[in-house]
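Remember, predicted model here, so these are calculated numbers, not experimental data. Residue numbers start from 1 in every chain, and the chains themselves are labelled A, B, ... in the order their sequence lines are given, proteins ahead of strands.
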Protein chains: 2
Amino acid sequence: MYKKKRSVTIQDVAKAAGVSASTVSRALNGKSDVAGETQERILTVIDELGFTTNLAARSMRSHKKNLIGLIMPDIAYPFAIEVMKGVNRAIAESEFDLLVYTTGSVRKSGRAYAERKYVSLLTKSISDGVIIVAPVVGEFNTDEPIISIDPVMSNPTNPAVHATNYHGSVEAMDYLIELGHKRIGYIGGRVELESSNRRLLGYRDALKKANLPIDEELIASGDFTTETGISCSRMLLSLPNRPTAIFASNDQMAMGVFQVAEEMGLRIPEDLSVVGFDNIPESKYLGLTTVDQFISEMGYVATQMVIKIINGIPLDQQTYRMQTRLVIRNSCQALGNPKNSDGSIGSPQFRAIDLKGEGGERQ
Amino acid sequence: MYKKKRSVTIQDVAKAAGVSASTVSRALNGKSDVAGETQERILTVIDELGFTTNLAARSMRSHKKNLIGLIMPDIAYPFAIEVMKGVNRAIAESEFDLLVYTTGSVRKSGRAYAERKYVSLLTKSISDGVIIVAPVVGEFNTDEPIISIDPVMSNPTNPAVHATNYHGSVEAMDYLIELGHKRIGYIGGRVELESSNRRLLGYRDALKKANLPIDEELIASGDFTTETGISCSRMLLSLPNRPTAIFASNDQMAMGVFQVAEEMGLRIPEDLSVVGFDNIPESKYLGLTTVDQFISEMGYVATQMVIKIINGIPLDQQTYRMQTRLVIRNSCQALGNPKNSDGSIGSPQFRAIDLKGEGGERQ
DNA sequence: AACGATACCGGTAACGTTACCGGTATCGTT
DNA sequence: AACGATACCGGTAACGTTACCGGTATCGTT
């Protein structure tokens, strides 16, 4: 083990300043009953000795940590990163600091176990509240300040933030149907997430509403990764009567569709229309038409909500529903129309490069 | 404040299992001197009561935390995100968990102060070791397990990981010079970072080596953000004798160059060649030729290094130098040559869309 | 002059865990 | 039969901080 010399404690500061530890503690925490001169002397000593509060000891005694924990299954996927950006923004505006905790590649006992463990660990030990992203677990201890983003259930018992997945899905489908598409492939996401189910339901209902047949052959199920986007679209596009459009239930899978289309020599949108879901930053480079669910904004709102809970302020609503918005770019075309759907001409990928962040974030 | 009921402690478990707290502790920590039957009974009780160790208490007593802290100024910029991906990968392979700490938008006392504070806080309180990204502070307490990525100094007193910035810069410049460019604009980054200075030095030396004049007018100084990439390139491209190529010292600033070029009606690479530095994911969508510094890999290596330090294993080298590599895409062209530099034809942006991750990560 | 209010500070205990010491029961060995 | 080795367990103290109680000095008020 790494040997470390004893660090400077509040006792050392007290001795050096000629006061008791209690007084140092009061000075540290900005209590009123410390004489101005004493306060100054203590702060000087703290500076000289390089003292910093031992968070573990403080938290054990006072149960205050000024820390918010963010639990994510993994850090390296766009959804998580976007959430983090929003969380970070809210943190910067608050008195809290951020602690990002990843369950990593779960080594033992499965994700549900890991989630419960970490939530308990964080709420009890080192953070005041917890935000959990795309959890597997449906219910957590309701008397702990915890909020989920994209929770397992539609009407969770814990406070939660999620997008209007059903509405967004219907909107995307309506758009494709309006463009004249009748055979629309669907690539589903992780089935254990309610968001997946809602999007699929939207797909089905939109077809029903338009009196279009639902062909189960056109419904493929992925897991939100580009890999399954590839395998699913390969399957869909190999069908004898292949779809003229594909609705991928997230952008990463839509990226897989782009890749397979290129492999198969299909041009987007001339030969195939594609719609995604999420509006991750990559989408604008691809010119992908997608449903923006304002991921970063969800992180922002969720953070504000935990802070409220921690401070005992009642929430306006237990569940915050983020309004989705269809962002139309260049990956769709009216069926049989040589021109781009927006009436422009030219290679869509060229126009796709829009660095100004169109369809970006709400402010 | 949020009211929380007293949580389950090791005492409760002890009572329920009919043993002492010591024994529960031993069972928890997998010590050998616990009877198999006792161990099982304790684990059952732990499960029933939903007990989890209070990390604060454990850490205070045992000084072990199995946690590594990652300190970054901000979470929302590509460099930081890439580092995090690498760190996360190494963490997943280890017995440690990850704690990401951001200094956020520093509210008081400046970044240097915040950095020192957080480092001390993390090493003393809640983590076993710390990785700090692009620090402002040059030296940290050498007897604490801390490692910097992209440190302030070239030969830091603390262990560090950085790319071969000078070499990468020279390589990029050699490439442009080889393509016949003589007036090459340069956009510098944050001056307080040694990496910036090394890149600038590479720029100068490459010109010297090629017997090309160094025109100070062509050297603009940004701060690694797209905004300064825009302002600097606007300045450079407005010069009476404008450069035929621009070397932006990171990709985000290169993105600014793309934007300004579009505004001014300059085609890339036909009218202007651009090279970046970093190889962030966005670069491949832009078809940006850039110097890959394997950011994620730097995070990976840095993490392995802290873990070694924590475990008392001596490091092979105090400073790890990540070899850069020039990734040639479509943003450069030989001067006066109507064809693309790689001999292909067609809109570069079109070909830029390479989803397969060319120029990606080392495995 | 006596009293209460106020400002300021110190001492003690406690947060929940684990390191350390030491103790008992059991069993094999001579 | 006596002893040592071993397995297993409990008690105590300590990690560094802050909550809480209570105490003194000072000063204004009646």
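A straight line from NE2 of H63(A) to P of dA14(C) spans 14 Å, rounded to a whole angstrom. Rounded to a whole Å, the CZ atom of R26(A) is 10 Å from the C1' atom of dA19(D). Atom-to-atom, NZ of K15(B) to P of dG10(D) comes out at 15 Å; the value is rounded to the nearest Å. Atom CZ of R58(A) and atom P of dT17(C) are 21 Å apart (whole Å). A straight line from CG of N29(A) to C1' of dT17(D) spans 9 Å, rounded to a whole angstrom. Whole-Å rounding puts the K31(A) NZ to dG10(C) P distance at 15 Å. Distance, L49(A) CG to dG16(D) P: 15 Å, rounded to whole Å. Nucleotide dG16(D) holds its P atom 8 Å from the CE atom of M60(B), rounded to whole Å.
Remark: side-chain polar atoms of T53(A) are not paired, donor with acceptor, to backbone N or O of L55(A) under 3.5 angstrom. Remark: side-chain polar atoms of S62(B) are paired, donor with acceptor, to backbone N or O of R58(B) under 3.5 angstrom. In this structure, N54(A) contributes its side chain and A56(A) its backbone to a donor-acceptor pair below 3.5 Å. Listed for the N29(A) side chain is no donor-acceptor partner under 3.5 Å among the backbone atoms of K31(A). With hydrogens and angles disregarded, a donor-acceptor distance shorter than 3.5 Å links the side chain of R41(A) to the backbone of A17(A).
Taking every side-chain heavy atom of A35(A) into account, dC9(C) is the closest of dC9(C), dT17(C), dT17(D). When distances run from any side-chain atom of R61(B) to the nucleotides dT17(C), dG10(C), dG16(D), the shortest one goes to dT17(C).
Residue contacts for T38(A): at a heavy-atom cut-off of 4.0 Å it reaches the sugar-phosphate backbone alone, with no base atom in range. Within 4.0 Å (heavy atoms only), D33(B) reaches at least one base atom of the nucleic acid. The residue S25(A) sits close to a base: some heavy atom pair falls under 4.0 Å.
Applying the 4.0 Å criterion to OP1 and OP2 of dG10(C), one finds that T23(A) has a side-chain N or O inside that range. Distances shown here put every side-chain N or O of S62(A) at or beyond 4.0 Å from the OP1 or OP2 atom of dT18(D).
Side-chain contact between I68(A) and L99(A) is absent, with no heavy-atom pair separated by less than 4.5 Å. With contacts defined as side-chain heavy-atom distances shorter than 4.5 Å, the pair E82(B)/Y77(B) does not qualify.
Judged by distance alone, with hydrogens and angles left aside, S22(A) brings a side-chain donor or acceptor within reach of the base of dG11(C), the pair sitting under 3.5 Å.
Here K85(A) does not pair with E297(A) in a salt bridge; the nearest charged N to carboxylate O distance is not below 4.0 Å.
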What would the secondary structure line of DNA chain D be in dot-bracket form, counting Watson-Crick and G-U wobble pairs under 3.5 Å, with [ ] for pairs that cross earlier ones and | for pairs with another strand?
-> ||||||||||||||||||||||||||||||
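A residue-by-residue look at Q39(B) and T53(A) shows that Q39(B) has its nearest nucleotide of DNA chain D further toward the 5' end. Each of F51(B) and R41(A) lies near DNA chain C, and the nucleotide nearest R41(A) is the one positioned closer to the 5' end.
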